[in-house]
Amino acid sequence: MTLVAILSGAGISTDSGIPDYRGPNGLWRREPEAEKLVTYDHYMADPEIRRRSWRMRRDGPALRAEPNVAHRAVAELERARNGVAVRVITQNVDGLHQLAGMPARKVLELHGTARQAECTRCHARSPMQEELARLTGGEEDPPCRVCGGILKSATVMFGQRLDPVVLGEAMGIAKACEVFIAVGSSLQVQPAASLAGLAADNGARLVIVNAEPTPYDDRAAQIIREPIGTALPTLLRELAEG
């Protein structure tokens, strides 16, 4: 059984209408102030930041997006039952790998999920759509229904650490895999980016599918610059065929 690890970044979801925040035309470059909306200290300290953040969640594309051909190609490889085991490690919070058919237990969401809300005090979780519906009723900064604490999306904001259990599982996969594919990731955000180097250090064949150069290009056995929507399905078909 060949273990294939796929690290997916924002670039895999741009064809689904979700912007790449760090790319050359990304949101953080166009609107640097927008980064405050997903920075934990700003969010917790400023009710206006929270109100703006809730409007961004309501009006943004993430919860309306559908999986694209690249997400579906990953799920198809997992279903092929051809001696290839697939594990997805994603930096994205959109849940599109699961919607495309990847079993949730085979997807590690390093940065959490935008499809749930979480209380910062009692850590109760609820569906994001339920909390967004409260905005229609006039709650611009809806509190936790359980304890009255501050709600946020169940994502890792700037200034927060990754879940050590999830990160540990990702590191285990990176060490064990025979092939590690980094797709649509700038490989600049640590510690997620270091998984590519960890895989290479442990003998994996590192493949990078990304439009722009990354800090790990010199470690890669293969670099693909073509659009992800065509490049990834082709690459995964070749893996499936052996």
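Computed over heavy atoms, backbone and side chain alike; hydrogens, waters and symmetry mates excluded. Quick note: residue numbers are just sequence positions, from 1.
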Sequence neighbours excluded - salt bridge (charged side-chain N to carboxylate O under 4.0 Å, His left out) pairs with any residue from residues 179-208: D201-R219
Does any non-hydrogen side-chain atom of C144 lie less than 4.5 Å from one of R121? no
Applying side-chain contact (heavy atoms from CB on, under 4.5 Å), run through I89 and L110 and close with a yes or a no. CA-CA 7 Å; I89 305 165; L110 290 176; 3.5 Å; yes
Is there a side-chain contact between N92 and H111 (heavy atoms, below 4.5 Å)? no
Answer yes if V166 and V93 sit in the same cluster of Ile, Leu, Val, Met, Phe, Trp and Tyr residues linked by side chain heavy atoms under 4.5 Å apart, and no otherwise. no
Is any side-chain N of the basic residue among D217 and R225 closer than 4.0 Å to the acidic one's carboxylate O? yes
Does the pair E139/R58 count as a salt bridge with the N-to-O cut at 4.0 Å? no
Derivation of the side-chain contact (heavy atoms from CB on, under 4.5 Å) call for L63 and M128: CA-CA 9 Å; L63 298 183; M128 178 58 75; 3.6 Å; yes
Give, for atom CG of D46 and atom OG1 of T39, the distance between the pair rounded to the nearest 0.5 Å. 12.0 Å
Would L108 and L187 show up in the same hydrophobic cluster when neighbours are defined by side-chain heavy atoms closer than 4.5 Å? yes
Looking only at heavy atoms, the pair that brings A204 and C177 closest together is CB-O, 3.5 Å
Show the nearest heavy-atom pair for residues T14 and P19, with the distance to one decimal. CG2-C, 4.4 Å
Can you name the closest pair of heavy atoms from A231 and I224 and give their distance? CB-CG2, 3.6 Å
Minimum heavy-atom separation for V69 and G229, please, with both atom names. CG1-O, 3.3 Å
Gap separating the CD atom of E178 from the CE atom of M1, nearest 0.5 angstrom: 10.5 Å
Y43 and M157, any side-chain heavy atoms less than 4.5 Å apart: yes
Pair L7-T90, side-chain contact (heavy atoms from CB on, under 4.5 Å): steps then yes or no: CA-CA 5 Å; L7 173 68; T90 186; over 6 Å; no
Any I12 side-chain heavy atom under 4.5 Å of L232 side chain: yes
Output yes when a side-chain donor or acceptor of S53 lies under 3.5 Å from a complementary backbone atom of I49, and no otherwise. no
Can you name the nearest heavy-atom pair linking S16 to E66, along with the distance? OG-O, 2.7 Å
Looking only at heavy atoms, which two atoms of E130 and R145 are closest? And how far apart? O-NH2, 4.1 Å
T120: what forms a side-chain contact (heavy atoms from CB on, under 4.5 Å) with it, not counting sequence neighbours? Y40, M44, I150, K152
Quick one: do M102 and I228 end up in the same hydrophobic cluster if we chain Ile, Leu, Val, Met, Phe, Trp and Tyr together by side-chain heavy atoms under 4.5 Å apart? yes
Report yes if some heavy atom in the side chain of I181 is under 4.5 Å from a heavy atom in the side chain of V209; otherwise report no. yes
Find out if a path of hydrophobic residues (ILVMFWY) with successive side-chain heavy-atom gaps under 4.5 Å connects L77 to L3. no
Interatomic distance, CZ@F158 vs CG@D41, rounded to 0.5 Å, equals 13.0 Å
With clusters defined by side-chain heavy atoms of hydrophobic residues (ILVMFWY) lying less than 4.5 Å apart, directly or transitively, does L235 cluster with V88? yes
Would you say that Q188 contacts T214 through its side chain, given a criterion of any heavy-atom pair below 4.5 Å between the two side chains? no
Salt-bridged, D141 to R51, with N to O below 4.0 Å? no
If only atom types and distance count, is the side chain of R87 paired as donor or acceptor with the main-chain N or O of A170 below 3.5 Å? no
My understanding is that only one of I6, V107, V179, L239 makes a side chain to side chain contact (heavy atoms under 4.5 Å, CB included) with V86; could you say which? I6
Is L96 close to I18 at the side-chain level, that is, under 4.5 Å between some pair of heavy atoms? yes
Pairs touching residues 94-109 that satisfy salt bridge (charged side-chain N to carboxylate O under 4.0 Å, His left out), sequence neighbours left out: E78-K106
Quick one: are R79 and V74 in side-chain contact, heavy atoms under 4.5 Å? no
S153-E118 side chain donor-acceptor pair, cut-off 3.5 Å: no
Give the intermediate values and the outcome of side-chain contact (heavy atoms from CB on, under 4.5 Å) for residues L151 and E131. CA-CA 9 Å; L151 282 182; E131 303 305 339; 3.6 Å; yes
